[in-house]
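Input: a single structure, listed below in C-alpha cells.
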There are 2 protein chains.
Amino acid sequence: MLSLRQLQVFLAVIETGSTIRAAEAVSLSQSAASNALSELESRLGERLFDRVGKRLVLNASGRALQPRARALLVQARDAEALFRDGGNQLKVGASTTIGNYLLPRLLGEARGELPCERVEIANTDDIAERMLRFELDLGLIEGRALHPDLVMTPWRQDEMVIVAAPSFKGQSLAHLPWIMREPGSGTRSVVEQELFGTLEGVQPILELGSSEAIHNAVRAGLGVSCLSRHVVQQSLQSGELQVLAPEHSIRRQLYLLRHRQRPDTAAVARFLACCPPES
Amino acid sequence: MLSLRQLQVFLAVIETGSTIRAAEAVSLSQSAASNALSELESRLGERLFDRVGKRLVLNASGRALQPRARALLVQARDAEALFRDGGNQLKVGASTTIGNYLLPRLLGEARGELPCERVEIANTDDIAERMLRFELDLGLIEGRALHPDLVMTPWRQDEMVIVAAPSFKGQSLAHLPWIMREPGSGTRSVVEQELFGTLEGVQPILELGSSEAIHNAVRAGLGVSCLSRHVVQQSLQSGELQVLAPEHSIRRQLYLLRHRQRPDTAAVARFLACCPPES
DNA sequence: TATTATTTACCTGTTTTTTCGATATGGAGG
DNA sequence: CCTCCATATCGAAAAAACAGGTAAATAATA
C-alpha cells in the first residue's frame, strides 16, 4: 500500500521541481525525499519523472497520478479536520451578487449556527479555478463552470428586475437610458440574452463595473438598469426605486459548486444544512 | 498526518467488531491493531469507538469518519491500480437490456481497444448498492439511482417500440393482446407511464420475467409488446417482427452511474473513451 | 457466587522501516 | 578541463512497528 507521505513528497517535487526544495517543503532531508520518491515509483512499477540531466521532469504517468494524489491528500486533511477545531472553518467562494448581498443576509439569519466562515468574492471562473486547486471548500456561483471535475447543483434562484427612479414612467423599454455592467460580466450577458428581443440595438448610456455603482447611478436618476432584487431590495422598500415592466423580470439559477473528487467537509455540510437548496 | 494503514485498521475493526479479528484481517498482531487504532484516535483527538465492556462500539465520530476512510482507501487502491496490470480490469454493472444487448455489441465493435472487462447484470437498485460498496467501477442503468453519493450522467438513449408478428394489422392498441414484464420491473413501469393514456385498463394476457422471453412469445405470435429496439433488432430486420404504431415509440434515457467520491479508474476512462455519452 | 473464557490495553525486547549525513555520480556552464 | 549544482546511494542512527506476554475488565457459565 502506498503511503500518504510518499504522495506528499511526490507533489512537493512537482511543485518545487527538485528533491532538495521538496524535502524542505515537507521537512525531510533530501535523501529521504529522494528515497520516498523512488519507493513510490517502484511500488507503482512506473517512473513518474523523466530524469533528463539533473532535472526531474514530470512524465505522462506522473501527470496521470498527480490529480489523484492531490485529491487523496486533501481528503486526508479533511478527515483530520473533521474533529479538530479547524473543522469549523469554511472557505466559500461566491460570485459578486451572492457574496455581497445574499450571503451576508443568510449568515446574519443563521448567526451562531453557522461555522466560522470566510467568504471570498470573485467571478465564476476564478472560483472554479480555486475550487480545482482545493483552495475553496464550496463555491456559490451565478454563471456556469464546465470543468469535468466540478459539479454544479442548483441552489437558489435570483430574480433580476428592471429598476428606475420613480420619475421614470411607462415608456417603452428600448427608449430608456440604460445603464449596464461592462461587457464580459456574467450579469450583463444574462440581461442581454434574456431581454434580447426587447433591447436589440440599445446602446447603454453608461457602463459601470459593479452592481452597487449601477444601483447608485439609478438612484441618482441617471437611467434604468436590470439588477438582482437582492441588490435593490432596500431601495424598493423605501420607494426610492421602482420596478419597471415586472413582466420582464429574469429568474436565473444560482448554483453550488463542488469538487467531484472531494466529499463535503463537515463545515460544508453544516453550511448546507443552514442554507439548503430551495429550488 | 494520519496514515492509510490506520484507516485500514479502523475499517477492519468496524467490520469485524474486534481488534483481534481486525488484526487477522489486515495481517497484523492484535497489539499492533490496538495500537494503530489508539494512535488514530489520539491523532484525531476523538474516540471513534465507545468502550462498553470488552466491546468496541462505533460511536458518532466513528460513523462520521467511516465513509471518508473507505473512500480514501479505495482511491489509494485505484491510484496503485492505475499502473499495475490490474489497472486494466473493469467491473461494470449493467441493467438487463444494456447488459444483454447494448453492451455486447459495443464491446464487439471495440474489441481489443477496451480493457479486459467484467460485466455483471442486475437491476438498478442492486447496481446502485454495489456501487456504494465500491464493488463496481461503473454502472450503466435504465432506471434512476437517487443516493446522494451516486452521480447519474446521461449516456445514451434507448428506443422502445411496439412490436408484433406480421399477422397483426392496424388494430387499436388497446384491443391487442399485450404481453408485459412483471410488475416491479423498470421496463414495465416505463411502458405503463408512457403509454398510460392509450393502454389504460388494458390487462396483459401474459406476464414474463425477461425481455428475451417476451421477444420469443411475440415471435410465436402470442401477442404484442413494447420492447427495446436493441432486443428485437434482428427480428425486425429479418421481417419476423414488425413495428406497430411507430408514433408511440418511447425514448428513454440510459445513464452512467458513478460514485461521487471516486474519480474514474483508468479502465473506466478508457471505457468511456470507447463508448462516450451520445446524448 | 465463584469460575472460566474472552477481549482490550499495556509493557518489553526485537525487528523492520525511515531518516539523516556524507559521498559518489553526472550533466551544465565557464 | 574544472567547477557548480542536483540527484542517487550507502552505512549509521533514530524512529516506528511488531510479536508475545500479561493485567484488568467483562460476559458467560457452573
Side-chain angles (χ1 to χ4, degrees), chain A residues 1-63 65-66 69 72-73 76 80, chain B residues 1-63 65-66 69 72-73 76 80:
Chain A
M1 171 80 59
L2 51 76
S3 82
L4 291 177
R5 161 144 290 178
Q6 286 163 0
L7 297 179
Q8 225 172 352
V9 172
F10 167 63
L11 290 178
V13 171
I14 294 180
E15 279 160 25
T16 64
S18 90
T19 57
I20 288 190
R21 286 186 292 275
E24 200 174 339
V26 298
S27 42
L28 280 182
S29 72
Q30 180 268 333
S31 66
S34 175
N35 215 10
L37 186 56
S38 354
E39 178 129 347
L40 179 60
E41 288 179 324
S42 80
R43 249 181 237 272
L44 297 177
E46 195 95 4
R47 310 230 79 162
L48 300 169
F49 294 88
D50 288 331
R51 272 69 171 177
V52 38
K54 58 184 182 182
R55 282 241 128 68
L56 296 175
V57 194
L58 195 62
N59 64 21
S61 302
R63 266 190 299 278
L65 183 61
Q66 182 179 13
L72 272 167
L73 283 173
E80 283 186 286
Chain B
M1 169 82 56
L2 52 76
S3 82
L4 291 179
R5 160 142 292 178
Q6 287 163 359
L7 296 180
Q8 227 171 351
V9 171
F10 168 62
L11 290 179
V13 170
I14 294 179
E15 279 161 26
T16 64
S18 89
T19 57
I20 288 191
R21 286 184 293 274
E24 201 174 338
V26 298
S27 40
L28 281 182
S29 69
Q30 179 269 331
S31 67
S34 175
N35 226 358
L37 186 56
S38 353
E39 178 128 347
L40 178 61
E41 288 180 323
S42 81
R43 249 180 236 270
L44 296 177
E46 196 94 5
R47 309 230 80 163
L48 300 170
F49 294 88
D50 288 331
R51 271 67 171 179
V52 37
K54 59 183 183 183
R55 283 239 128 66
L56 295 175
V57 200
L58 195 63
N59 63 21
S61 303
R63 266 189 299 277
L65 183 63
Q66 183 179 12
L72 271 166
L73 284 173
E80 283 185 289

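Reminder, nothing fancy here: chain letters follow the sequence lines and each chain counts from 1.
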For this session: Just call it for A:Glu39: base, sugar-phosphate, or nothing, with non-hydrogen atoms closer than 4.0 Å on any strand.
Result: sugar-phosphate

For this session: Count the heavy atoms belonging to other residues, nucleotides or ligands that lie under 6.0 Å from CD of B:Glu80, then report whether that count exceeds 12.
Result: yes

Problem set entry | B:Gln30 vs B:Asn35, nearer the 5' end of DNA chain D by closest nucleotide | B:Asn35

For this session: Determine: side-chain N/O of B:Ser34 to OP1/OP2 of C:dT8, distance under 4.0 Å, yes or no.
Result: no

Exercise. Could you give the CG-to-C1' distance, from B:Leu56 to D:dA25, as a whole number of Å?
Worked result: 13 Å

Problem set entry | Short side-chain N/O contact from B:Arg5 to OP1 or OP2 of D:dC18, under 4.0 Å | yes

Seminar exercise, completed: To the nearest 0.5 Å, atom CG of A:Leu2 lies from atom CG of B:Leu4 at 6.5 Å

Problem set entry | Other residues, nucleotides, ligands: >12 heavy atoms within 6.0 Å of A:Glu46 CD | yes

Problem set entry | Gap between atoms CG and C1', on B:Leu28 and D:dA16 respectively (whole Å) | 13 Å

Exercise. From B:Arg47 CZ over to B:Leu58 CG, what is the distance, rounded to the nearest 0.5 angstrom?
Worked result: 13.0 Å

Exercise. Taking CG from A:Leu2 and P from C:dT17, how many angstroms apart are they, rounded to a whole number?
Worked result: 16 Å

For this session: Check the distance between C:dT7's C1' and B:Glu24's CD and give it to me in whole angstrom.
Result: 14 Å

For this session: May I ask you to say what B:Ser18 touches in the nucleic acid, namely base, sugar-phosphate or nothing, with a heavy-atom cut-off under 4.0 Å?
Result: sugar-phosphate

Seminar exercise, completed: From CG of B:Leu40 across to C1' of C:dA9 the rounded distance in Å is 16 Å

For this session: Starting from C1' on C:dT18, measure out to CG on A:Leu37 and report it in whole angstrom.
Result: 16 Å

Exercise. A:Ser31 near the nucleic acid: base, sugar-phosphate alone, or nothing, with a heavy-atom cut-off under 4.0 Å?
Worked result: base

Exercise. To the nearest Å, how far apart are A:Ile20 CD1 and D:dC4 P?
Worked result: 15 Å

